[in-house]
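Labels below follow one simple rule: chain letters A, B, ... track the order of the sequence lines, proteins then strands, and each chain is numbered from 1.
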Amino acid sequence: MKQHLHTLFTRALAQLQAQRVFPENITVDIRLERTRDTRHGDFACNAAMVLAKAAHIRPRDLAERIIEQLPTNDEFIAKVEIAGPGFINVFLTQTAYYTVINDILTAQQAYGHSQLGAGQTVMIEFVSANPTGPLHVGHGRGAAYGAALANLLIVAGFKVHKEYYINDAGRQMDILATSVWLRYLELCGETLAFPLNGYQGDYVWDIAANLHREQGDAFRHSAPVVFENISPEIVKADDLEKLMDALIERSQQLLGFTAYRLFFEKGLEIILEDIRGDLEQFGVVYDEWFSESRLSTNNTVAKAIEQLKAGGHTYEQNGALWFRSSAFGDEKDRVVVRENGQFTYFASDIAYHLNKLERGFDHIINIWGADHHGYVPRVKAAITALGADANRLTILLVQFASLFRGKERLPMSTRSGEFVTLRELREEVGRDAARFFYIQRKSEQHLNFDLELAKSQTKDNPVYYVQYAHARISSVFRRLREKNQTWYHNQATLKRLETDREQALLFTLSRYPEVIESAAHAYEPHQLIYYLRNLAQDFHTFYDDDRHIILVDDEQLRNARLSLIATVQQILRNGLTIIGISAPEVM
RNA sequence: GCCCUGGUAGCUCAGUUGGAUGAGAGCGUCUCCCUCCUAAGGAGAAGGCCAGAGGUUCAAUUCCUCUCCAGGGCACCA
């Protein structure tokens, strides 16, 4: 509908431009907005006020000229009037609303799809947690948000590629492998001081136990030997990272390449399988799992750094190779090759982004935890230095989620292994509630996730509120069958929908395509959540109004109301599906 | 110190690509509503100097600057 009006206004203004009412070199960007007050009609256009200056005409007079150019016999426009400082208010006809019902019932699950994306490709990378432990509730938010955003973009006409980047090549993975080995040694009967900065979680024991079952004591070394060259002073000096590095080196030395890789791969494999299964059960699936190690295998990192070097964007200092990112807006330069010859994490990140660019996506979206925001300028700098347009990359930051049980805040600390996993969260509150709560808030807002509320089965809980509206409608249709009545849709009957409650529903329904476009454009699935709550509320209000029993004896009225609620149900289902929540028939 | 993100009703949060006499929702509080398709629901009331101060213009909660408050980030870690 909005689209339709937009076309009419564009045409009207083009005609005025042709008549030299205002200069031709002015770009006319028509903005049609929903009015806040129904007395101002359905849509308002402020073009007259915006263009008044350029046209040297008073806003209200210009509005007059614009209206003259609008068709007078459009079946969707009831009237057009000028108001306030020069707003052009458009009032829609009932036919316009009835058409919405027809359209929804015809298009069904495809209703609300838009051409905003025009087939452009988008790669969206999200979660990408290090495979060093199970996903926690913070990752859950990124997962829910990323998946919903991907669905939203698909519906808005983009071709979407969802990707998980597996950080399986860095030092963290070595820490994991070493942690597993140390636990394994303990299972062999060794007594040792497990490093405080190793991975403490129980899952490390599980992996070690798995290996111990398969391999027995084959890789046992005595604890004193393992810690032989590792001076206690290091620990005393509290330099835990140095201790860790020494232990990693020691385990590689004692185990040899093949055996070390066994521990490394086992940990990776088990954890990755856990993550993958966890996400799948959360309803989050990917098109591709992209492994970081693939980059080093293919020398992509080296090539990317070479490319920077060739472009003259690097220099050597203190034995390290630096990327001059400050020349592209970063606050300081960054090391890409360390003194010891190893690439930094940033270096492989540059390579990964180069790889993304080379795959030719029109848009690249990264969803990161807000704590990574400091990386945004350097990654964009790298893209620019590599000769690409940094605007192709959009980095969306998601704030962390704090868990509450009622008033009590639950502690979260990843390193110590003291955290609530996504799996535990799902088991406690269920997938639907988890996804709803995650997406309910704007992503850059801190999220307080109340487990009690998410579990409650009352109207306090917005998940149930929306789902219940859907189930209630199913229930009406079940009742219809029980009474051996049938429903057929006929637009002619819709004029029987004349109460305020019914009109309110028609109005809310008509906004759906606009909400989809707006939410997709702003990358804000929470807009859709708010809309669905709104629609559910309008429905419950309608449903509970005692004058509005749906299955009335009057066949025409009954069919009209059934058409109306069938439409509501379709939109609820479409919206819930985008967010990744089920639409139950019974509750 | 520098850089991000927020600061809207008692609580949790929408809204703002600047708009039209009174700024919205849910929860909580207070009043009501099941002989009726699920009350996992509905109707109504109270509740606000949109953190503060300046500026930009026809118009600012929305844009700019400064201040205050909260959270996060500032590694040859990932």
Student: For V137(A), does its backbone N or O pair with a side-chain atom of Y438(A) as donor and acceptor, under 3.5 Å?
Tutor: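 Indeed, once roles are kept as given, a pair shorter than 3.5 Å links the two residues.
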Student: Quick one: which of C76(B), G42(B), G73(B) gets closest to the side chain of H373(A)?
Tutor: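 Nearest listed nucleotide: G73(B).
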Student: Toward the 5' end of RNA chain B, which comes first, S443(A) or F477(A), by nearest nucleotide?
Tutor: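 Nearest nucleotide further toward 5': that of S443(A).
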Student: For G319(A) and H446(A), take the nucleotide of RNA chain B holding the closest heavy atom to each; which residue's nucleotide lies nearer the 5' end?
Tutor: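 Nearest-nucleotide comparison on RNA chain B picks H446(A).
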Student: Please state the P separation for the pair C27(B) and C36(B) - nearest whole angstrom.
Tutor: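 The same atom, P, in both gives a distance of 25 Å.
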Student: Decide, yes or no, whether a salt bridge links K79(A) with E81(A) under the criterion of side-chain N to carboxylate O below 4.0 Å.
Tutor: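 Salt bridge flag = yes for E81(A) with K79(A).
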Student: Check whether any side-chain N or O of T541(A) sits under 4.0 Å from OP1 or OP2 of A43(B), and answer yes or no.
Tutor: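 Looking at the OP1 and OP2 atoms of A43(B), one of them is under 4.0 Å from a side-chain N or O of T541(A).
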Student: Report yes or no: is there a donor-acceptor pair, N or O only, under 3.5 Å between the side chain of N89(A) and the base of A20(B)?
Tutor: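 Checked by distance alone, the answer is yes.
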Student: Is the distance from OP1 or OP2 of G15(B) to the nearest side-chain N or O of K442(A) less than 4.0 Å?
Tutor: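 True: K442(A) side-chain N/O within range (under 4.0 Å) of G15(B) OP1/OP2.
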Student: Side chains of Q399(A) and S443(A): do they bring a donor and an acceptor to under 3.5 Å?
Tutor: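 There is no such pair between these side chains.
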Student: OP1 or OP2 of G42(B) sitting under 4.0 Å from any side-chain N/O of Y465(A)?
Tutor: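 Yes, within the criterion.
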Student: Taking the six-membered ring for Trp, does F87(A) stack with A20(B) (centroid gap under 5.5 Å, planes within less than 30°)?
Tutor: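 A stacking contact exists, since F87(A) sits close and nearly parallel to the base ring of A20(B).
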Student: Just to confirm, is there a sub-4.0 Å distance from OP1 or OP2 of C76(B) to any side-chain nitrogen or oxygen of N340(A)?
Tutor: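 False: N340(A) side-chain N/O out of range (4.0 Å or more) of C76(B) OP1/OP2.
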Student: Is there a side-chain contact between Y543(A) and the phosphate of C36(B), meaning an N or O under 4.0 Å from OP1 or OP2?
Tutor: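 Y543(A) to C36(B) OP1/OP2: no side-chain N or O under 4.0 Å.
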Student: When you check the glycosidic angle of C34(B), does it come out syn, meaning within 90° of 0, or anti?
Tutor: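 Chi for C34(B) falls in the syn range.
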Student: How long is the line joining CZ of R501(A) and C1' of G42(B), in whole Å?
Tutor: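 Taking atom C1' of G42(B) as the reference, CZ of R501(A) is at 9 Å.
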Student: Look up atom NE2 in H6(A) and atom CZ in F43(A), then write down how far apart they are to the nearest 0.5 Å.
Tutor: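 Rounded to the nearest 0.5 Å, the NE2-CZ separation comes to 11.5 Å.
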